[in-house]
**Student:** 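Dropping a structure here in structure tokens format, bear with me for questions.
In this chain, residues are counted from 1 in sequence order.
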Amino acid sequence: MSIVIKLILSSSIIILCGYVGIMKSKNLATREHILREMIVFLNLVKNDIRYMMNILPNAYEIARQKLNTSLKIAIGKIVVDMINCSNNTMLEQSIVKNINDIEELTKYDKEVFISTLKNLGRSDLDSQINIIDNCISIIENQIKEANEIKLKNSKLYKTVGVITGLMIVIVFI
């Protein structure tokens, strides 16, 4: 009877540790997906302000509807604050807070997003288009880096999770 319990407990530990490794590797894929969505978002905003002459809150909201990740929620909160805020300081704090809430991004990714969103709306149309284009090129480089990290570390996290589970089981047996 105790052997069955040990086997069930051992299997559970290995499966749990393997699951943690899988979740860590999924975070790497999620980062890449969010970066790709930011490019889609910026391209939609660029087209909206260039051709439709929409103001930024409207352009953000229209572009936000095409998103599927936590970026959609963050941009939605920023749009609400853009409409409700009376000064730039409160809006900048909202941008910083909401972008920093996206856990899958690196510190550098967040800094790029924050500086871009802060600088949009402070200048004329051509300058905003240039800001967006510069941000897109930076994010494309970040996507390449994220993809390399994902390919290199994804299997590693899964393997380390399972091996950690096995080590725990061996120690307790």
**Student:** Counting distance only, does the side-chain N/O of Asn147 pair as donor-acceptor with the main-chain N or O of Ile143 below 3.5 Å?
**Tutor:**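 No, Asn147 side chain to Ile143 backbone: no donor-acceptor pair under 3.5 Å.
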**Student:** Could you go through the salt bridge (charged side-chain N to carboxylate O under 4.0 Å, His left out) check for Lys77 and Asp81 one step at a time?
**Tutor:** CA-CA 6 Å; Lys77 291 177 182 177; Asp81 290 338; over 6 Å; no
**Student:** Answer yes or no: does atom CD of Glu103 have more than 12 heavy-atom neighbours from other residues, nucleotides or ligands under 6.0 Å?
**Tutor:**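 Counting neighbours around CD of Glu103, 12 or fewer heavy atoms of other residues, nucleotides or ligands fall under 6.0 Å, so no.
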**Student:** Quick one: CD1 on Ile22 to CG on Asn27, what's the gap to the nearest 0.5 Å?
**Tutor:**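 The CD1 atom of Ile22 sits 12.5 Å away from the CG atom of Asn27.
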**Student:** Using side-chain contact (heavy atoms from CB on, under 4.5 Å) as the criterion, point out the one residue from Glu37, Glu104, Arg64 that pairs with Leu71.
**Tutor:**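 Of all the options given, the one that passes is Glu37.
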**Student:** Taking atom types as modelled, find out whether Asp109 and Thr106 have a side-chain donor-acceptor pair closer than 3.5 angstrom.
**Tutor:**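 Indeed, the side chains of Asp109 and Thr106 share at least one donor-acceptor pair under 3.5 Å.
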**Student:** Is the closest side-chain donor-acceptor distance between Asn130 and Ser127 under 3.5 Å?
**Tutor:**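 On atom types as modelled, these side chains do not qualify, holding no pair under 3.5 Å.
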**Student:** In Å and rounded to the nearest 0.5 Å, what is the NZ to CD1 distance from Lys118 to Ile131?
**Tutor:**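 Between atom NZ of Lys118 and atom CD1 of Ile131 there are 13.0 Å.
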**Student:** Would you call Glu145 and Lys150 a salt bridge, using N to O less than 4.0 angstrom?
**Tutor:**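 So Glu145 does not pair with Lys150 through a salt bridge.
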**Student:** I need the minimum non-hydrogen distance between Ala74 and Asn98, along with the two atoms involved.
**Tutor:**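 Minimum heavy-atom separation between Ala74 and Asn98: CB-O, 3.5 Å.
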**Student:** Of the non-hydrogen atoms in Ser25 and Ser154, which two are nearest, and what is the gap between them?
**Tutor:**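 That would be CB-OG, 3.4 Å.
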**Student:** Hey, could you give me the CD1/CD distance between Ile49 and Gln128, rounded to the nearest 0.5 Å?
**Tutor:**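 CD of Gln128 is found 4.5 Å from CD1 of Ile49.
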**Student:** Arg36 vs Glu32, test: salt bridge (charged side-chain N to carboxylate O under 4.0 Å, His left out). Steps then yes/no.
**Tutor:** CA-CA 6 Å; Arg36 290 184 191 284; Glu32 183 182 0; 2.7 Å; yes
